[in-house]
Each structure stands twice: as C-alpha cells, then as structure tokens.
Amino acid sequence: MKFDVITIFSEIFKPVLNESILKRAQDKGKVKVTVHDLRKFTEDKHRKVDDRPFGGGPGMVMTPQPIFDAVKKIKGKSKAKVILMCPSGKPLTQKLAKQLAKNKHLILICGHYEGYDERIRERVVDEAISIGDYVLTGGELPALVLIDSVSRLIPGVLGRESSLEDESFERNLLEYPQYTRPANFRGIKIPNVLLSGHHLAIKKWREDQAYIRTKKYRPDLLNKKQ
Ligand code: 4GY
C-alpha cells in the first residue's frame with residue numbers, strides 16, 4: 001500500500017512514522033509513505049497556499065492551484081484514491097478503514113486555516129473523511145490516524161492476522177476486561193473465574209463483561225446493525 005500525503009507541515013509525520021509498527025511495516029515493504037510539501041507546487045512567487053474567502057468572513061481558505069497540481073503530479077498514471085481530511089467528511093470507522101485497506105494507492109490532503117476552496121472537493125477529491133466531530137488545527141493528525149488504522153489491516157503488518165477478527169468494532173461490542181500477572185497486585189485481586197481453569201465459564205464471563213461495558217459506555221453500539 002502506497003500513501004502520498006500532501007501537507008504544509010511535512011515534519012509532523014516523521015516521529016510517528018519512524019516508530020513501532022508503522023516503522024516495521026515500512027521496513028518490511030508492506031507500506032510506503034511519501035510526504036509532499038504543498039508549497040513546492042505553488043506557482044505564486046510567495047508560495048501562498050491560502051487566500052481570503054469570496055463573500056467575506058473571517059480567516060483564510062486553501063487555494064485550488066497548488067492542490068490541483070500536486071495531486072495531478074503525484075497521481076501520474078496510477079488509479080489512486082484521493083482523500084481529503086476534513087471535519088465535514090464521512091466518519092472514519094473500522095468498516096471504512098477495512099475498505100480503504102483494499103486500495104493500492106491513497107493520496108491524503110491535509111488542510112489548514114478555515115477550510116478548502118470547494119472546487120478542490122468537487123474536482124480533485126474522491127472521498128472526504130473525518131476522524132471525529134471536533135475541529136483540529138490541521139489535517140495532519142487525522143492523516144496519521146487514517147494511515148495507522150489502515151496500515152494495521154494490511155496482511156503481514158501485525159503478524160497475528162486471526163486476532164483481527166474478534167476485535168471490538170468487528171462485533172459492535174467493547175473489549176472485555178483483561179488482567180495479567182500478578183494475580184494479586186498490592187492486595188488488588190483479579191476475578192476468581194480467570195484462575196478457575198474453567199474455559200466455558202471464562203468465555204461466558206468475558207461475553208457478559210463485554211456486554212455490560214458496552215451498555216454502560218457505548219449503548220449506541222448495541223443498536224447498530226453488523
Ligand atoms: N476532525 N477529521 C479533521 C480536522 C482540520 C480547517 C480543514 C477532522 O479530519 N480532519 O479537524 N481537520 C481542519 C482545519 C481546515 C481541516
């Protein structure tokens with residue numbers, strides 16, 4: 001899977017991409033991420049990427065020219081899917097991450113200021129995606145969230161394929177509580193059933209706990225169809 005990111009803050013990406021599983025995924029050749037500086041695509045002599053909104057109003061808007069040209073150049077002859085990171089996009093869910101993981105090439109556009117010139121969305125973008133109902137200062141963190149959530153679904157990245165299946169959002173249930181050693185930590189004991197060796201009882205307890213938790217913290221998930 002190839003990710004091309006278009007941003008005015010390239011440096012944000014390095015520390016996240018150069019650690020842990022995302023680093024290993026790139027070293028293994030499962031994922032390739034290239035970060036492009038939007039300003040390199042400007043025709044304007046001041047390398048401007050924004051301008052004042054027509055009709056007035058506060059703030060600045062991302063101007064079309066650099067983004068149009070960056071996407072055209074990066075896309076070349078590939079059939080890349082172009083994604084705009086935007087609070088008004090389609091919500092990123094585990095289901096959407098799975099669909100995105102089927103692509104060979106994604107181009108992610110990270111915005112700033114007050115928003116994008118609408119012609120970008122109309123003519124360049126295939127899908128606008130939001131990571132949640134809050135407004136950030138830019139699309140870089142959302143792009144990293146998308147890269148992370150999609151990369152771990154690519155075969156060979158996690159190296160424990162089977163366990164992806166019973167993950168939380170796969171079943172619309174939160175995870176059951178987990179414990180590890182010691183069984184008694186400073187007087188705080190783990191539930192007895194986990195020490196019983198009774199596999200069916202443990203399975204039942206975990207199912208009950210997952211349901212209780214979901215009902216308490218995310219009742220919305222219980223009403224969702226699979
Ligand atoms: N939430 N999900 C998000 C965001 C920053 C103003 C457009 C989000 O995806 N992106 O908050 N992005 C905004 C800042 C211009 C992008």
Side-chain angles (χ1 to χ4, degrees), residues 1-17 22 31 33-42 44 46-72 74-75 80-103 105-154 168-169 217-218 220-221 224:
M1 163 83 93
K2 174 80 198 291
F3 294 97
D4 281 292
V5 183
I6 302 171
T7 174
I8 52 172
F9 295 113
S10 312
E11 295 299 313
I12 291 178
F13 292 84
K14 286 184 191 126
V16 181
L17 296 174
L22 292 180
V31 171
V33 186
T34 307
V35 179
H36 305 266
D37 178 5
L38 179 63
R39 288 195 201 278
K40 293 203 174 128
F41 297 90
T42 52
D44 169 81
H46 299 107
R47 307 215 298 166
K48 254 168 71 96
V49 293
D50 62 330
D51 211 332
R52 299 190 318 278
F54 278 119
M60 301 290 268
V61 175
M62 306 279 297
T63 194
Q65 179 272 315
I67 295 183
F68 268 64
D69 293 348
V71 170
K72 187 167 186 203
I74 293 162
K75 214 176 191 177
K81 188 181 185 98
V82 181
I83 295 171
L84 186 70
M85 305 314 304
C86 184
S88 55
K90 181 173 178 180
L92 180 62
T93 58
Q94 192 64 25
K95 186 176 163 210
L96 180 52
K98 266 177 112 173
Q99 285 168 7
L100 293 172
K102 292 177 188 155
N103 290 275
H105 188 188
L106 298 178
I107 299 176
L108 310 179
I109 304 170
C110 306
H112 272 269
Y113 317 111
E114 247 50 54
Y116 308 92
D117 183 301
E118 190 59 21
R119 289 166 291 188
I120 295 167
R121 219 174 156 135
E122 286 170 355
R123 300 293 177 93
V124 176
V125 169
D126 295 308
E127 193 157 13
I129 295 180
S130 164
I131 65 157
D133 291 342
Y134 37 79
V135 183
L136 299 166
T137 56
E140 285 74 16
L141 290 170
L144 282 167
V145 167
L146 189 149
I147 291 170
D148 190 296
S149 64
V150 172
S151 294
R152 67 187 288 286
L153 298 174
I154 295 166
S168 228
F169 296 105
Y217 298 114
R218 291 295 305 277
D220 58 299
L221 291 178
K224 249 167 95 173

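Both counts, for ligands and for their atoms, begin at 1 and track the order of listing.
- Annotation: Lys2, atom NZ; neighbour count of heavy atoms from other residues, nucleotides and ligands within 6.0 Å is above 12.
- A side-chain donor-acceptor contact under 3.5 Å links Gln65 to the backbone of Phe41.
- The protein non-hydrogen atom at the shortest distance from atom 7 (C) of ligand 1 is Tyr116 CE1, 3.7 Å.
- Ranking protein heavy atoms by distance to atom 15 (C) of ligand 1, first place goes to His112 O, 3.5 Å.
- In the vicinity of Val135, heavy-atom distances shorter than 4.0 Å reach the ligand 1 atoms 11 (O).
- Inclusion of Cys86 in the set of residues having an N or O under 3.5 Å from an N or O of ligand 1 is warranted.
- More than 12 heavy atoms of other residues, nucleotides or ligands sit less than 6.0 Å from atom CG of Asp220.
- Heavy-atom proximity to atom 12 (N) of ligand 1, evaluated over Cys110, Gly138, Gly89, Ser88, is greatest for Gly138.
- Counting heavy atoms under 4.0 Å from ligand 1, residue Asp133 does not touch it at all.
- At a 4.0 Å heavy-atom cut-off, ligand 1 does not touch Met62 at all.
- Of the protein's heavy atoms, Leu136 O, 3.6 Å lies nearest to atom 14 (C) of ligand 1.
- Any N or O atom pair closer than 3.5 Å counts here, and Gly132 shares at least one such pair with ligand 1.
- For the pair Lys75 and Ile107, the minimum side-chain heavy-atom distance is below 4.5 Å.
- In this structure the side chain of Val145 never reaches within 4.5 angstrom of the side chain of Met85, judged on heavy atoms.
- Close approach to Ile129 involves these atoms of ligand 1, each under 4.0 Å from a residue heavy atom: 9 (O).
- Annotation for Lys48: atom NZ counts as buried by contact number, over 12 foreign heavy atoms lying within 6.0 Å.
- With respect to the salt-bridge test (charged N to carboxylate O, under 4.0 angstrom), the residues Asp37 and Arg39 do not qualify.
- Of all heavy-atom pairs between Gly139 and Cys110, the closest is O-SG, 3.6 Å.
- Here's the thing with Pro142: none of its N/O atoms is less than 3.5 angstrom from an N/O atom of ligand 1.
- In terms of polar-atom proximity, Tyr134 is counted as a contact of ligand 1, with an N or O under 3.5 Å from an N or O of the ligand.
- Where the criterion is an N or O separation shorter than 3.5 Å, residue side chain and backbone included, Ile131 meets it with respect to ligand 1.
- Atom numbering of ligand 1 starts at 1 in the shown order; those under 4.0 Å from a heavy atom of Gly115 are 15 (C).
- No side-chain heavy atom of Tyr113 sits less than 4.5 Å from a side-chain heavy atom of Val61.
- For Leu92, the closest heavy-atom approach to ligand 1 does not fall below 4.0 Å.
- Of all non-hydrogen atoms in Gly59 and Pro53, the two that sit nearest each other are O-CD, 3.2 Å.
- When non-hydrogen atoms are compared, ligand 1 lies under 4.0 Å from the backbone of Tyr113 (N, CA, C, O) but not from its side chain.
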